[in-house]
Amino acid sequence: MKKAYIIGAGPAGLTAAYELLKQSKEYEVTVLEESEAMGGISKTVNYKGNRMDMGGHRFFSKVPEVNEWWNNMLPLQGSPTYDDIILDRKMTLTPGGPDPEKVDRVMLRRHRVSRIYFNKKFFDYPISMKFETFKNMGLITTIQAGFSYIAAILHKRKEKSLEDFYINRFGRKLYSMFFENYTENLWGRHPSQIAPDWGAQRAKGLSVAAIIKDIFGKMLPGKKNRKVETSLIEEFSYPKLGPGQLWDVTAEEIQKMGGNILKNCKVVNLHKDENNHITSLTYETNGEKVTVDGDVFISSMPLKDLVGGMNDVPKKPAEVAKGLPYRDYMTVGILLPKLNLKNMTKIKTINNIVPDCWIYVHDRSVKLGRFQIYNNWSPYMIKDLENTVWIGLEYFVDEGDKYWTMSDEKFTKFAVHEILKMGLIDSPKDVMDSHVERVKKAYPAYFDTYKHIDTLVNYLKTIDNLYCVGRNGQHRYNNIDHSMMTSFETVKNIVNGVSNKDNIWSVNTEKEYHEGSK
């Protein structure tokens, strides 16, 4: 049999392994994963029965193939009622939290609630046209934002940067309030220094006009079949025990089909012959280096590391890969008896906590970028749902900086001080427990040598048996569904003997999602 090696057990890597095993009997498939966990940044960390989602992952896609794939792995249960959750929780509760063996392997249907914390007030995200929004902004600011948006419509800027992208869609006033500082906190660079590609990748068709259109769209007949921008979706699916549950199940299926998954195996080198064809790779495990021959190589590892570990790479592509920037991620799980936020919505929650999945922090006095309320992602993520609130404080950092190198204890104290300043808690003594997680290269960034990314991509396409998939594998800030789609396209090419890879690199070009198409 031919040998296929897949680098990385994130969404793209595991999808590629599963699909290749499913569609072809010609390959012996081996997945090499650097860590112990499945799912990459989509893993779920279990800390003393309380589960943490690394970044918050909504499962929503306009692609029927992706939705069907998810549903095959974890069937959609629907939207359990408040009473259903309480009853089911009592049946699955164990001293260490919900027992994975007792909890159904299903997706829950969740209501999306996200807000922005700005000037000590909360705003809907995306920004809504509700009375509450204008009240929080104040009359003068509202008038300024309106005229600023009109000016942006009349005088479109040439989109040379992310700053131009946002101003064209929201006007300078709203940009300065809700995008400028947060974006700089996220990337460590001012939006004027970031390529507009990121906006096209993530915000797509989101704008003031799109929000107004969506508001009126809800009032019209046939509203369930209307088109809706990705950022405006109001419901999504979510695995009962967090996103990692989906990838743990996928890994089990891969092994049942005869695939191999090797953990704690870090790929460090790919070896090419004189024909620019990869013949083998080398990985490190338990302090030893192992070299294995292969026929097909599918990589979801960061392009910087992939190309850095190759021999005989031309100077220009090598320079581009070496200079590609990333943003790293730290999160602090904080266990609390309560959160000082009042539930002013009509959404019923356990103990009446606020219903937000996450809240974006635009407060210039703190470093905190966003915080998740895990209780609201899935009630099965929490060990003691009735008496505790489990939140994740998210920080965007650079590997090796002063935050990354802090001890867990020191960083936790720093984070707790920030939420105390914001008024989310009354005292540091409110913190019942905590846990710190670090994720390297969580977000591929769109500056520095990224402007020459096409030079690197064109070179990688010339390596006949190498396929780059996923977020880091393509240095694109893809969602889960788009990462999976790069693997769908890759396997199709391998199985059908297609050498052109343009289809793999062109994933994630659509501008809108169609609500009701699932």
Side-chain angles (χ1 to χ4, degrees), residues 62 114 116 118-119 123-130 133-134 136-218 220 226-233 325 360 362 364 443-454 475-479 482 505-515:
K62 66 167 287 186
S114 299
I116 293 172
F118 176 74
N119 275 355
F123 295 80
D124 288 341
Y125 179 80
I127 299 300
S128 68
M129 300 296 175
K130 296 177 183 177
T133 301
F134 300 122
N136 286 343
M137 288 175 62
L139 179 61
I140 294 176
T141 301
T142 299
I143 293 172
Q144 290 175 335
F147 279 109
S148 176
Y149 177 61
I150 292 172
I153 293 175
L154 296 176
H155 304 285
K156 288 289 184 184
R157 301 162 67 106
K158 186 175 181 179
E159 294 185 358
K160 297 181 179 179
S161 69
L162 188 56
E163 180 175 65
D164 299 327
F165 177 94
Y166 280 134
I167 291 176
N168 278 345
R169 287 157 180 78
F170 296 93
R172 179 171 284 280
K173 184 63 177 179
L174 289 177
Y175 157 74
S176 66
M177 291 173 63
F178 297 115
F179 296 96
E180 186 174 20
N181 182 69
Y182 182 82
T183 302
E184 187 168 8
N185 188 12
L186 170 58
W187 295 111
R189 297 285 183 95
H190 190 268
S192 61
Q193 300 174 11
I194 301 174
D197 304 42
W198 187 83
Q201 195 93 21
R202 299 296 291 186
K204 296 188 183 294
L206 184 62
S207 64
V208 169
I211 293 170
I212 295 173
K213 180 181 177 182
D214 186 66
I215 291 172
F216 283 102
K218 294 176 184 177
L220 299 174
R226 78 191 194 281
K227 292 181 178 179
V228 60
E229 301 300 338
T230 315
S231 297
L232 298 175
I233 61 167
Y360 297 91
H362 290 218
R364 288 174 168 80
Y443 308 113
Y446 288 59
F447 41 84
D448 295 345
T449 60
Y450 173 80
K451 60 186 175 182
H452 302 299
I453 190 74
D454 287 346
H475 202 85
R476 287 181 178 169
Y477 200 146
N478 281 330
N479 286 321
H482 295 122
W505 287 92
S506 64
V507 167
N508 193 7
T509 57
E510 83 281 355
K511 294 292 182 183
E512 59 198 11
Y513 275 67
H514 193 262
E515 188 176 60

Residue list, side chain to side chain donor-acceptor pair (under 3.5 Å) with S148, at least two apart or on another chain: none
Qualifying residues under side chain to side chain donor-acceptor pair (under 3.5 Å), relative to N185, sequence neighbours excluded: none
Donor-acceptor contact present, side-chain N168 to main-chain R157, <3.5 Å: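 Yes, N168 side chain to R157 backbone: donor-acceptor pair under 3.5 Å.
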Would you please name every residue forming a side-chain contact (heavy atoms from CB on, under 4.5 Å) with [X], sequence neighbours left out?
X: I150; answer: L154
X: K451; answer: none
X: R364; answer: F118, N181
X: A445; answer: W187, P325, F447

Please give me the minimum heavy-atom distance between [X] and [Y], naming the atom from each residue.
X: S192; Y: S161; result: O-CB, 3.5 Å
X: I153; Y: K156; result: O-CG, 4.0 Å
X: H475; Y: Y446; result: O-OH, 4.2 Å

When the side chains of residues 173-180 are checked against the rest of the protein, which donor-acceptor pairs come out under 3.5 Å, sequence neighbours left out?
| from | atom 1 | to | atom 2 | distance (Å) |
| --- | --- | --- | --- | --- |
| K173 | NZ | Q144 | OE1 | 3.4 |
| Y175 | OH | E163 | OE2 | 2.9 |
| S176 | OG | R172 | O | 3.3 |
| S176 | OG | K173 | O | 2.7 |
| E180 | OE2 | H190 | NE2 | 2.7 |

D197 and Y450, any side-chain heavy atoms less than 4.5 Å apart: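 Yes, at least one pair of side-chain atoms sits under 4.5 Å.
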Salt bridge (Lys or Arg N to Asp or Glu O under 4.0 Å) pairs, two or more places apart, involving residues 182-193: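 Counting only pairs at least two positions apart or across chains, the salt bridge (Lys or Arg N to Asp or Glu O under 4.0 Å) contacts touching residues 182-193 are R189-D448.
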